[in-house]
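Worksheet for the structure shown next.
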There are 2 protein chains.
Amino acid sequence: MANTIRNRMQLHQQNIQSVLAQVFNHQPISRIEISRNLALNKSTVSSLYNALKEEGYVEELGEGAASTAGGRKPVLLAINRRYGYTMNFDFGYRHIHVMKNNLSGDIMSYTQVDAKGLSIQEILPLIETQIEKAENEDKTKHNLLGISFAIHGTIDANAITYSPFLDMEDIDLVTYFGEKYDVPVLLENEANLAAVYERDFNDENQRLSNAVTISIHRGIGAGLIINKKLYRGAHGEAGEIGRSLRIGNNVVETPHKVEDYCSEDAIINQISEARKGAPLDRYAVVKLYNENDDIAKQVIGTFVENTARIIVNVSNDYDPDEIFLNSPLIESLPELLPEIREAYSKIVPSNTVIPMTVTRNSHYATLLGGCALITRRVLNLEDFELNFAAQQEF
Amino acid sequence: MANTIRNRMQLHQQNIQSVLAQVFNHQPISRIEISRNLALNKSTVSSLYNALKEEGYVEELGEGAASTAGGRKPVLLAINRRYGYTMNFDFGYRHIHVMKNNLSGDIMSYTQVDAKGLSIQEILPLIETQIEKAENEDKTKHNLLGISFAIHGTIDANAITYSPFLDMEDIDLVTYFGEKYDVPVLLENEANLAAVYERDFNDENQRLSNAVTISIHRGIGAGLIINKKLYRGAHGEAGEIGRSLRIGNNVVETPHKVEDYCSEDAIINQISEARKGAPLDRYAVVKLYNENDDIAKQVIGTFVENTARIIVNVSNDYDPDEIFLNSPLIESLPELLPEIREAYSKIVPSNTVIPMTVTRNSHYATLLGGCALITRRVLNLEDFELNFAAQQEF
DNA sequence: TGTGAGTTGGTTGTATGAACAAACTAATTG
DNA sequence: CAATTAGTTTGTTCATACAACCAACTCACA
């Protein structure tokens, strides 16, 4: 029991956080409902809520409907949407994706900034412009509260350890922006953020204890939710399933990796090479496939088969409740999912096929995953289950 | 925050457990030392300790040495070794392994019972004989407190879901022995228990947060420690790495699994077939290898190479602090470990090779892992870090 | 449409009890 | 002896529980 509380002060602090988490997860909610959910006396909840109100995190929204049996109307409590906001970025291949979110995770704005071929030195001012633009059109009390960056690489101890697609040139984003804006800055791998997104934004009833997102972009990586928590590994490299090697009797010097066969880059290159034509991109590949081009059909057929096997392997490795596929290619060719499902059930002839879902709009996923993590930091609710899904419509 | 405490009663209960865990982990220990470790007032610790003493879990061992600066001698506290004991079993291929442990995890007795080819119906009375024998020669107050079984198969919700090597014939061990002896009965997969063993018995300084044991027996399975806790997966099937499929361009109908190449059974069969001789067992294979038999050398050479790749894949999948190899074959041929290390570093040319260790006496490992889990249950310390390693010598 | 019994939400003041703190005893070193 | 440390006793503290209250609603009945 590492993270354990022992005395009344710590108990009090934790109970305040529990009340805040209740407000977050069930807003708009009344004091009496919190009292019931937490099994705390209603007077205790009132006292704890008042402490939160003094800090400005919460606000009263007005009165709700009374019970049909009569009785006083409840006062509805919610996260103070005018407290401040977070800025969340994703360094994509072509674009920087930018999202501004309030403390409830609602999307305040979303933009893409063209960044293809730019160096990090050229990208930094673009980010600053976005942050300052967001600040100018804002009316919250505390303005910017935190920043997150989705990184296509590996992170350890909130620092980039490997960045294959963008040379960071010794730029430390955390220090740079942390000192410039005096807010917490969080870096996280994009597959991990996609996993956090599925847990926090896409799982309304919070059923998922264990989930894996398989991210098929230029490489292949998995984001792991284990016991409701993001599992990063000892060095932030857990879920690097694209680097998996083949086992077999013909031992070769440089063994084949999964991503040599099954990443989006690998697929595009295979088609490109077989056609002996100019370099392709994803849109061209999708077009060829839709035009029933033989080569595209054949290569993507193998991709479907291999993806099914990757899912089998992920099942065996992690035994999750659900698997999410984060692949722009499959998103563009939705007919592939049933094919993957069929290939899967041919390999594992069981009556219970593991649930698998294709993540829609994967850029939102990583941005919202970053939002979920940095919001926890800002609210001092880092070890709490926060449900961003349930309160999106409200 | 699922497992969270909210009121003073729960806080009190948790603090009692924390004191018990301190006594367990640091016995013999004084009250004042517990007070310092837990940052609880010494009067509080005294009061909590008295509650535990009344229940009989702990006892005073006598006085320790006074500080060199003078002062009263401390009274040394420890787990009451005369409170009771646990019985822990492992259904091996040839033998049932039986261990009796006191509440501190000390080995009171160990035996193997011949069980090759016996049905579960024939095995049950053998187990009962062992339990009754242990009871007859015992002088503790409460006698048998719990039973654990290491299963070569998968377990979900404390029930066997898959048992490839022993037909369970609808026998429910938990009900059968639970009702017969009125104690908790725990079933767990043997690779998982080996992982628990490494965490609790073999990690004196409790450095390991994430560890994987790779169990290479008749099949291949992994036991996973993630964030200091055993990770079992949604259905108890996490770490079934032996079932992993090959990814590649030549898609075949029935894809190859890792354990088709790399399990002990696979190695023995390959050598056996290549020699066109009688069926072999592990001892014969070890003998051939030591006699420099060409076929054995070649097959085991490939095994070394594939094991290195499995370790690479496990690293990529789980990114643990350390990997443990639980393989009687490697245990019998210790010269293989440096070869595996070398093959590994050829594939991953990094200055930091992941620590890998061969578990000695793997039968003890699973039995002690079972002991660790059932002891937690008995002491009501299920979510606490217990360190069986540190206090083995005392 | 007016009234009051019943119900529910929320506040206030008091009681509880687990941890804390201080002052004690006990036993040691030098 | 003084200084120091271990542990106990006694009384204090304060976060939560509890009980009584107020506020405000529904609904049945007149």
Side-chain angles (χ1 to χ4, degrees), chain A residues 1 4-20 22-23 26-54 58-78, chain B residues 1 4-20 22-23 26-54 58-78:
Chain A
M1 301 277 286
T4 194
I5 68 169
R6 296 238 147 68
N7 58 43
R8 273 177 313 175
M9 242 179 57
Q10 292 164 351
L11 180 66
H12 187 60
Q13 192 51 42
Q14 192 201 262
N15 282 342
I16 287 181
Q17 293 173 74
S18 296
V19 169
L20 182 53
Q22 282 288 317
V23 173
H26 304 109
Q27 55 184 315
I29 187 175
S30 65
R31 285 167 245 247
I32 195 72
E33 214 178 327
I34 296 176
S35 157
R36 283 193 279 257
N37 291 345
L38 294 180
L40 282 173
N41 194 283
K42 56 182 179 173
S43 61
T44 308
V45 171
S46 268
S47 144
L48 298 171
Y49 174 80
N50 288 337
L52 288 165
K53 195 182 169 184
E54 265 188 24
V58 288
E59 62 180 353
E60 275 118 273
L61 287 184
E63 297 182 323
S67 147
T68 51
R72 181 173 170 177
K73 282 183 186 165
V75 178
L76 298 179
L77 315 175
Chain B
M1 300 277 287
T4 194
I5 67 168
R6 296 237 144 71
N7 58 42
R8 278 174 312 173
M9 241 178 59
Q10 292 163 353
L11 180 68
H12 185 60
Q13 193 51 42
Q14 197 204 56
N15 282 342
I16 288 180
Q17 293 173 69
S18 296
V19 169
L20 182 54
Q22 281 288 316
V23 172
H26 304 108
Q27 56 185 315
I29 188 175
S30 65
R31 285 167 245 248
I32 196 72
E33 213 178 330
I34 296 175
S35 159
R36 281 193 281 257
N37 291 345
L38 295 180
L40 283 173
N41 191 282
K42 57 181 179 171
S43 61
T44 307
V45 171
S46 267
S47 144
L48 298 172
Y49 174 80
N50 287 337
L52 288 166
K53 194 180 167 185
E54 262 188 26
V58 289
E59 60 179 353
E60 275 117 275
L61 287 183
E63 296 183 324
S67 145
T68 52
R72 179 174 169 176
K73 283 180 183 167
V75 178
L76 297 180
L77 315 174

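Protein chains get the first letters and strands the later ones, always in sequence-line order, with residue 1 at the start of each. As a basis for the values below, the full set of heavy atoms in this structure was taken, side chains included, without hydrogen atoms, waters or symmetry mates.
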* Partner residues of A/Asn37 under the side chain to side chain donor-acceptor pair (under 3.5 Å) criterion, sequence neighbours left out -> A/Gln22
* Ignoring the backbone of A/Lys73, work out which of D/dC25, D/dG7, C/dG10 is nearest its side chain. => D/dC25
* To do: Report yes if at least one side-chain N or O of A/Arg31 is closer than 4.0 Å to OP1 or OP2 of C/dT11; otherwise report no.
  => yes
* Asked: What distance separates A/Gln10 CD from A/Asn15 CG, expressed to the nearest 0.5 Å?
  -> 12.0 Å
* Asked: Taking CD1 from B/Ile32 and P from C/dT25, how many angstroms apart are they, rounded to a whole number?
  -> 18 Å
* To do: Would you tell me if any nitrogen or oxygen in the side chain of B/Ser30 comes within less than 4.0 Å of OP1 or OP2 on D/dA6?
  => no
* To do: May I ask you to say what B/Val45 touches in the nucleic acid, namely base, sugar-phosphate or nothing, with a heavy-atom cut-off under 4.0 Å?
  => nothing
* To do: Could you list the residues that satisfy side-chain contact (heavy atoms from CB on, under 4.5 Å) with B/Arg8, not counting sequence neighbours?
  => A/Arg8, A/Leu11
* To do: With sequence neighbours left out, write down each residue that passes side-chain contact (heavy atoms from CB on, under 4.5 Å) with A/Leu76, or none if nothing qualifies.
  => A/Pro28, A/Leu61
* Protein-nucleotide distance (B/Glu33, atom CD; D/dT5, atom C1'), rounded to Å -> 13 Å
* To do: Name all residues meeting the side chain to side chain donor-acceptor pair (under 3.5 Å) criterion together with B/Asn41; count only those two or more places apart in sequence or in a different chain, and write none if there are none.
  => B/Ser43
* To the nearest angstrom, how far is A/Asn50 atom CG from C/dT12 atom C1'? -> 12 Å
* Qualifying salt bridge (Lys or Arg N to Asp or Glu O under 4.0 Å) pairs, either residue in residues 29-48 of chain A, two or more places apart -> A/Arg31-A/Glu60
* Could you write nucleotides 12-19 of chain D as a row of B, S and -, 5' to 3', where a protein heavy atom under 4.0 Å of any base atom gives B, of only sugar-phosphate atoms gives S, and otherwise -? -> -BBBBBB-
* Return no unless some side-chain N or O of B/Arg72 is found under 4.0 Å from OP1 or OP2 of C/dC24. => no
